[in-house]
Structure formats: structure tokens, C-alpha cells
Amino acid sequence: MTLTREDSRAIWQQALAAIEIELSQANFNTWFKNTYIQKCDDDVVHVAVPNTFVRDWMYNKYQKLILRYLRELNSGVRGCEFIVEKSEDKTKREERSPSFSNAPVGQIDMGEIYTNREDNLNPKYLFDSFIVASFNELAHAAAQAVSKNPGKIYNPLFVYGGSGLGKTHLLQAMGNQIKKLNSNKKIYYVSLERFSNDFVDAMKSNRIQAFKDKYRKFDVLIMDDVQFLSKKESTQNELFHLFNNFYESNKQLVFSSDKPPKQIPDIEERVRTRFGGGMIADIGRPDYETRMAILRSKTRNIPYCPGDDILEHIAVTVTESIRELEGALNSLICQAQLKMRPLSAIEARSLLKNSGKQQKTISIKDVITLVADFYNINEQDLYEKTRRKEVVKPRQVIMYLLREDFSASYPFIGNKLGGRDHTTVIHAYEKIKGDIKVDNVLNQEIEKIKTLLYADSPRA
């Protein structure tokens, strides 16, 4: 694929316009400012970025998004890499070629090696850097078992969970571990979208046999995002036959999806049953302690990293995914590095509030204070060892909300409410969870509390 500088500039501007819609303005401005297509080499688009920090972040968080839009604009794009363009190099190029000052050509930074083009595995994704907790321990254990005996246990392995919870990291780590332990095995990591596009291209060019030969030569096939198989009848049929070939040959298949097989719509039953024929493992949302562990692991040896009070605020308020958690942290680190000093708690909270969803800027103290106000009781009474009915109910509501909406662990909740035993919290959570199904008044009260809690002007 060959693109002129004008073509590159036009494609990048169109891609940016689409990407801007999907991101918050703060994230878009932080990461995509001063970027451009530097060159296209062997169907790989090289995007210039201002520094290594942005390069690493773009690679880890936005590569798939960028690649998707580039492929929509030009079907010949096969990959996307990021290159650091040093300011002095840029200035020299602009002086030498002023007519192309908006699209200078930079130097390739070979400081780190990323995705291996033969197997699509990124060597930085390892089991050692994968934090294991209750929300993902089953998937992790299954992945390690497969790594030791590919094709002999849990075949296929089907891992599902919401976006940003670490599925790709786990699958890549599995591939790298198999590669390490079995140097003779051929491994290939591919997204369902890429597999489907390869198949459609093969049909159009009458190269179906070449397509079959390409994928059937592998010993381990790891396929990401198979929920997009929905309504792709021809691709489903080809995957079905590929599945049979792998299974009969004792070759390992690994799939990931954002939902379990039975919930993927519009796929053939024969494909659905094969997805569930081995091991199905889910990855849920991380609890508070895990979120804190992830944040602390990401801030080791990082200059100007946030203090524990800020990390706790992030862990409490960003609960949906590890990707969002890391995104919030890296936004703060980026701003701190730009300022060349750690951010204050006020600066950090303000930045998180402006760049994220309003409901994500709520602290545990906000929940306790609001519930106390709602039931018109003294907030301090909630921490006391009292069994007064007018206090017990609000306390149980708080425990329910902290568990249900913040995924806080039972011991953590108990500690925050006067050092209560985790069994007390479990009882409170289960009681409120059951009562709201039959008590319409209680259900309305909790919904009203949530409305106040997630209002446009939350407490900070």
C-alpha cells in the first residue's frame, strides 16, 4: 500500500474526526494532539507521536480503535505502529521541506519491540504482570492450565467479560507462555473482525484454499471478540469447519467475548455448542482492593505519581473496568509530567470530574453523608455499635450501595463503617437485595438515593 502525503493527511483527519466522537474531549486532546501519519510501510501505518509516554499509552489503549477506522478508510491497512517524533528532528525536517511542514518524516524509535507480526503477540503481556483476584481467578487458572497442556485440556477455552477487564492481556499472556514452553508450536492471535475480513477477501479473490491453509497450519489459535460473529453466516460456517479440524487434530482453540456463548445473538446453534464444549470462564468487575493493587502496580517507579489519597479516590470512583481505571490514572500522570510535579488532590479530582462521567466522581464519604441526610439521622451514629432500628436500616442501605454500585469488598465496607465484621456486611447486603424485590417503598427510597447520588453536581 502506497499513500501520498496528501492522502495520508486526509485519511488521518477523517480518522481523527471519527475517533473524537467516541472519546471525551479531554482524552482526545491529551492523546491525539500533534499526531499524524508519518509513513506507510508494507501495509502498516506509522503514526508519529510527540513522546514515548504518549506512544506507550496510544499503543496499549487506542491501537485497536485507530486501526478499525484506518481500515474502514483504506482496506489495505494491515497494522498500526507508533513512532516518537522528537521536536528537533521535526524542526529540521520542516526547514528542509517547508512545503510539507504539516507532514514531516521522523525517525523510528526502536526503544521497544511490540507486536510480533508472525503471531500477533505482544511480548509485554505476561502472566507475571496480570493481577489475579477473585473476579478473574478462574479464567487465570484455566489460561495457565491451557498454557501447560495446549490441545489436551479445556479445548476450547472460552473467556468472557465486559470491555476493559483484561481479557486481551490474559489471552496474549497465554499465547506468550505457550510460545515460551513450546518453541515448536505455531501460535496465532487474531480478532474475529480480522479473521472475517481475511475470509471475505479470500472469497472475493477465489483464494479460499489459501485461506484454509493459512489458518490450519497453526497449533494454537487465539481469537478475540467473537461476539462480532453475530449475523456473519459465511464466517460462522468457515469457523465451524476450522473448529472441527483443530479439535480432531488436538490443536488448541481459545476464544474471548464480551458475553457468554448463549447470549451471543444470531449465531448457529452448532457454533454456539462448540464454544461451550470445553471450558467457559468469566471475568467480572474488580473489587476495591484489586483496583488499588492495580493502581499501585502501575505507579511503581513513575515520577510525579499520585499519592495514596488520590489512588483511593480513583479506586472508589472508577469501578466499571480496568481500562477506565488505568485511563484515569494515566491522565493524571500525564498532567503531572507536563507540570513536572505531583498533582494536588483538588487538581486530581477536578481533572477526573472533567474528563470522565459525572457519576464516577463519588466517594464513599458522599454515600454515607447522603444516606444519613436522607433518613434524617446523625452521621456519626452509623459508625457506633448501636442496634437502633432508625440507624440499622440506613447502615444496611449504605452497605448495599457500596457493594452493589462500587463493587467494594465486604471487609472493606465493614472497616469503613466502624470496623464491623464482613459477615455483618454480607447479611446487610443480602437482606436489602431481597427486601427491594418485595418492598416497593424501600425500592423507591434506594432509587431516590441513587438519583441524588448521581446528580449532575455530585459531592467531591
Side-chain angles (χ1 to χ4, degrees), residues 1-20 22-23 27-28 30-90 93 100 102-126 129 168-169 171-173 175-176 179 187-191 193-195 197-198 201 222 224-225 323 326-327 330 334:
M1 179 184 67
T2 302
L3 293 176
T4 66
R5 290 184 177 181
E6 290 301 324
D7 289 338
S8 297
R9 187 183 299 119
I11 287 176
W12 189 237
Q13 290 304 315
Q14 292 178 61
L16 289 180
I19 292 169
E20 186 173 11
E22 292 204 20
L23 305 179
N27 277 337
F28 181 80
T30 297
W31 304 111
F32 287 86
K33 185 179 180 181
N34 298 325
T35 61
Y36 54 88
I37 294 179
Q38 186 251 28
K39 68 173 183 177
C40 296
D41 183 20
D42 293 333
D43 300 337
V44 176
V45 173
H46 297 263
V47 177
V49 296
N51 55 57
T52 56
F53 185 76
V54 174
R55 178 197 64 188
D56 293 347
W57 182 244
M58 294 282 274
Y59 184 86
N60 288 325
K61 301 303 174 185
Y62 295 126
Q63 187 191 42
K64 285 186 177 180
L65 178 67
I66 293 170
L67 192 54
R68 186 172 89 229
Y69 283 114
L70 288 177
R71 283 174 174 169
E72 288 180 3
L73 295 166
N74 189 311
S75 60
V77 175
R78 185 175 62 83
C80 176
E81 299 289 344
F82 301 98
I83 299 172
V84 175
E85 169 78 345
K86 297 179 180 179
S87 57
E88 57 268 28
D89 293 335
K90 181 177 179 179
R93 276 178 185 78
F100 295 108
N102 290 328
V105 179
Q107 296 292 326
I108 297 178
D109 184 349
M110 297 299 289
E112 291 186 31
I113 299 174
Y114 290 123
T115 303
N116 184 317
R117 293 183 183 178
E118 292 184 2
D119 53 31
N120 288 332
L121 292 174
N122 184 331
K124 71 185 294 184
Y125 287 121
L126 303 171
S129 58
T168 297
H169 186 154
L171 266 60
Q172 287 264 338
N176 282 316
K179 185 177 178 180
I187 306 161
Y188 196 63
Y189 172 93
V190 65
S191 68
E193 181 186 17
R194 174 67 181 275
F195 177 83
N197 288 340
D198 282 355
D201 289 343
I222 303 172
D224 212 346
D225 293 327
R323 184 175 298 140
E326 293 178 346
N330 280 280
C334 181

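Along the sequence shown, residues carry numbers from 1. When reading the values below, keep in mind they use all heavy atoms of this one structure, side chains included, and skip hydrogens, waters and symmetry mates.
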Exercise. So do the side chains of Asn120 and Tyr188 get within less than 4.5 Å of each other, counting heavy atoms only?
Worked result: yes
Problem set entry | Whether Trp31 and Trp57 hold their rings parallel, tilted or perpendicular, with breakpoints at 30° and 60° | tilted
Problem set entry | Worked verdict on Ile11 versus Leu70 for side chain to side chain contact (heavy atoms under 4.5 Å, CB included) | CA-CA 7 Å; Ile11 287 176; Leu70 288 177; 3.7 Å; yes
Problem set entry | Shortest non-hydrogen contact between Val47 and Cys80, atoms and distance | CG2-SG, 4.1 Å
Exercise. Are Asp224 and Lys64 ion-paired here, with the side-chain N under 4.0 Å from a carboxylate O?
Worked result: yes
For this session: Rounded to the nearest 0.5 Å, what's the gap from CG on Leu121 to CG on Asn176? Could you check?
Result: 5.0 Å
Seminar exercise, completed: On a heavy-atom basis, the closest approach of Gln38 and Ala48 is CB-CB, 4.0 Å
Seminar exercise, completed: Rounded to the nearest 0.5 Å, the CG atom of Asn51 sits from the CG atom of Asn34 at a distance of 10.0 Å
Exercise. Is any side-chain heavy atom of Lys124 closer than 4.5 Å to a side-chain heavy atom of His169?
Worked result: no
Problem set entry | Spacing of Asp198 atom CG and Ser191 atom OG [to the nearest 0.5 Å] | 9.0 Å
Problem set entry | Stepwise side chain to side chain contact (heavy atoms under 4.5 Å, CB included) test for Tyr62 and Leu67 | CA-CA 8 Å; Tyr62 295 126; Leu67 192 54; over 6 Å; no
Exercise. Does a side-chain heavy-atom distance below 4.5 Å link Phe82 with Ile66?
Worked result: yes
Problem set entry | Close side-chain approach of Leu16 and Phe28, heavy atoms under 4.5 Å | yes
Problem set entry | CA sep, side-chain torsions, deciding dist, call: Tyr59, Asn122, side-chain hydrogen bond (donor to acceptor under 3.5 Å, both in side chains) | CA-CA 11 Å; Tyr59 184 86; Asn122 184 331; 3.2 Å; yes
Exercise. Looking at Arg68 and Glu193, does any basic side-chain N land under 4.0 Å from a carboxylate oxygen?
Worked result: no
Problem set entry | Closest heavy-atom pair and its distance - Val190, Phe195 | CG2-N, 3.8 Å
For this session: Measure the acute angle between the ring planes of Trp12 and Phe32, then classify it against the limits of 30° and 60° as parallel, tilted or perpendicular.
Result: tilted
Exercise. Does the pair Ile37 and His46 meet the rule for a side chain to side chain contact (heavy atoms under 4.5 Å, CB included), with working shown?
Worked result: CA-CA 6 Å; Ile37 294 179; His46 297 263; over 6 Å; no
Exercise. Counting distance only, does the side-chain N/O of Arg71 pair as donor-acceptor with the main-chain N or O of Arg78 below 3.5 Å?
Worked result: yes
Exercise. Which value, rounded to the nearest 0.5 Å, describes the distance between Ile19 atom CD1 and Thr35 atom OG1?
Worked result: 8.0 Å
Exercise. Do the side chain of Gln63 and the main chain of Met58 share a donor and acceptor less than 3.5 angstrom apart?
Worked result: no
Exercise. Is there a side-chain contact between Val45 and Glu81, using heavy atoms and a 4.5 Å cut-off?
Worked result: no
